[in-house]
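Sequence positions, counted from 1, serve as the residue numbers for this chain.
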Amino acid sequence: MTTRVIIVDDQAMVRAGFAALLAAQSDIDVVGDAPDGAQGVELSRHTHPDVVLMDVRMPEMDGLEAARQLLDPPPGVVHRPKVLMLTTFDVDDYVYEALRAGASGFLLKDAPPADLISAVRVVAAGEALLAPSVTRRLIADFARQRPAPRKDRTALRLNGLTPRETEVLELIARGLSNQEIAESLVLAEQTVKTHIGRVLAKLELRDRAQAVIFAYESGLVSPGAN
């Protein structure tokens, strides 16, 4: 199955380079590109891509607002692509906000070509691209700057999880991969994936990235905690 992709970035050379790289893959089809968020949203509405590579900082409309419009479309618009944010910085407040809006993760623009290709495939498959190596730093840094956790409705939603599901959610938020969670809880990796699926369904979250945000905002995990 071919993954349809559009690239939204204000730098023409970045768009051209990414397009050439991705189009060379037999399972990826680049169906368009745009120089700013507003045009990116319009292009997405017409081409219905599976994945949108979205630069964070652009003129006219930045990637954050464009991601919001794509992931929370107006009535009558049913298409919701996966959004993968592109950034020059590994820790960026815009990225945090994009994850809260429902983006499936982020990728550094200077990442190796193989990482870009892999990222598109991962996001297209419905997984979140939130590398365990940067999860703590990305989320905890911004959680420290946020108001106190919203422990009302979020706490009630947590009560719907089983003890095991709560453990899995906490380990996701601490930056562990599925394999590491399996080793920590002495479970099969497939069982961990099943638990994650149930956590997302019960909490009505799109993906792993939103699960991390939820864990911090609910108070399940505290910034800076080991």
Side-chain angles (χ1 to χ4, degrees), residues 1-73 79-135 137-139 141-142 206-210:
M1 182 176 178
T2 302
T3 298
R4 294 167 58 82
V5 177
I6 66 172
I7 302 163
V8 184
D9 193 292
D10 61 333
Q11 298 182 46
M13 289 186 66
V14 170
R15 298 197 306 273
F18 283 3
L21 178 65
L22 294 173
Q25 310 307 309
S26 60
D27 59 336
I28 298 175
D29 185 13
V30 178
V31 297
D33 65 79
D36 62 61
Q39 293 185 53
V41 170
E42 182 178 358
L43 178 63
S44 178
R45 299 274 196 260
H46 286 89
T47 59
H48 294 181
D50 300 299
V51 177
V52 176
L53 290 179
M54 182 77 73
D55 188 19
V56 171
R57 298 178 179 180
M58 293 178 290
E60 303 300 329
M61 179 188 292
D62 65 22
L64 175 57
E65 179 57 30
R68 286 180 178 141
Q69 292 192 19
L70 291 176
L71 297 168
D72 187 18
H79 178 254
R80 296 188 185 186
K82 305 291 184 181
V83 177
L84 179 61
M85 305 303 296
L86 300 170
T87 179
T88 307
F89 309 100
D90 58 354
V91 176
D92 190 313
D93 195 33
Y94 280 93
V95 175
Y96 175 88
E97 294 296 343
L99 293 176
R100 291 191 64 192
S104 294
F106 76 100
L107 184 72
L108 295 178
K109 284 189 178 182
D110 60 358
D115 286 3
L116 173 64
I117 297 167
S118 174
V120 169
R121 289 171 176 158
V122 166
V123 169
E127 298 291 329
L129 187 75
L130 197 58
S133 62
V134 300
T135 298
R137 184 176 56 187
L138 174 68
I139 305 302
D141 280 356
F142 293 122
R206 290 188 181 92
D207 53 33
R208 191 188 194 99
Q210 286 204 323

Novice: With sequence neighbours left out, what residues match Asp27 under side chain to side chain contact (heavy atoms under 4.5 Å, CB included)?
Specialist: Gln25, Arg121

Novice: For a quick test of reading the model, state the closest non-hydrogen atom pair linking Pro49 to Pro81 and the distance between them.
Specialist: O-CB, 3.4 Å

Novice: From Met58 CE over to Glu65 CD, what is the distance, rounded to the nearest 0.5 angstrom?
Specialist: 11.0 Å

Novice: Indicate yes or no: at least one non-hydrogen side-chain atom of Asp55 is less than 4.5 angstrom from one of Val8.
Specialist: no

Novice: Working to the nearest 0.5 Å, report the span between CG of Leu116 and CG of Leu86.
Specialist: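 Interatomic distance, Leu116 CG to Leu86 CG, rounded to 0.5 Å: 7.5 Å.
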
Novice: Would you call Pro73 and His79 a side-chain contact if the rule is heavy atoms closer than 4.5 Å?
Specialist: no

Novice: Which heavy atom in Ser104 sits nearest to a heavy atom in Val123, and how many Å separate them?
Specialist: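 Of all heavy-atom pairs spanning Ser104 and Val123, the closest is CB-CG1, 3.8 Å.
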
Novice: Could you list the residues that satisfy ring pair (Phe, Tyr, Trp, His ring centres under 6.0 Å) with His46, not counting sequence neighbours?
Specialist: none

Novice: Applying side chain to side chain contact (heavy atoms under 4.5 Å, CB included), run through Leu108 and Thr87 and close with a yes or a no.
Specialist: CA-CA 5 Å; Leu108 295 178; Thr87 179; 3.9 Å; yes

Novice: Identify the two heavy atoms, one from Ala19 and one from Ile7, that lie closest to each other, and give their separation to 0.1 Å.
Specialist: N-CD1, 3.4 Å

Novice: List for me each residue that meets side-chain hydrogen bond (donor to acceptor under 3.5 Å, both in side chains) alongside Asp62, sequence neighbours excluded, and say none if there are none.
Specialist: none

Novice: I need the minimum non-hydrogen distance between Met54 and Ala66, along with the two atoms involved.
Specialist: CE-CB, 3.5 Å

Novice: Which pairs pass side chain to side chain donor-acceptor pair (under 3.5 Å) with one or both residues in residues 1-22, sequence neighbours excluded?
Specialist: Asp9-Lys109, Arg15-Asp33

Novice: Got a sec, which pairs hit salt bridge (charged side-chain N to carboxylate O under 4.0 Å, His left out) with one end in residues 79-88, sequence neighbours left out?
Specialist: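 Salt bridge (charged side-chain N to carboxylate O under 4.0 Å, His left out) check on residues 79-88 returns no pairs.
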
Novice: How close do Pro59 and Asp36 get, heavy atom to heavy atom, and via which atoms?
Specialist: O-CB, 3.3 Å

Novice: If I compare all heavy atoms of Phe106 with all of Leu84, which pair ends up nearest, and what's the gap?
Specialist: N-CD1, 3.8 Å

Novice: Could you note down all residue pairs passing salt bridge (charged side-chain N to carboxylate O under 4.0 Å, His left out) where residues 40-50 supplies at least one of them, sequence neighbours left out?
Specialist: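 Of all non-adjacent pairs touching residues 40-50, none passes salt bridge (charged side-chain N to carboxylate O under 4.0 Å, His left out).
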
Novice: I need the single residue from Leu43, Leu53, Val30 that forms a side chain to side chain contact (heavy atoms under 4.5 Å, CB included) with Ile6. Which is it?
Specialist: Leu43

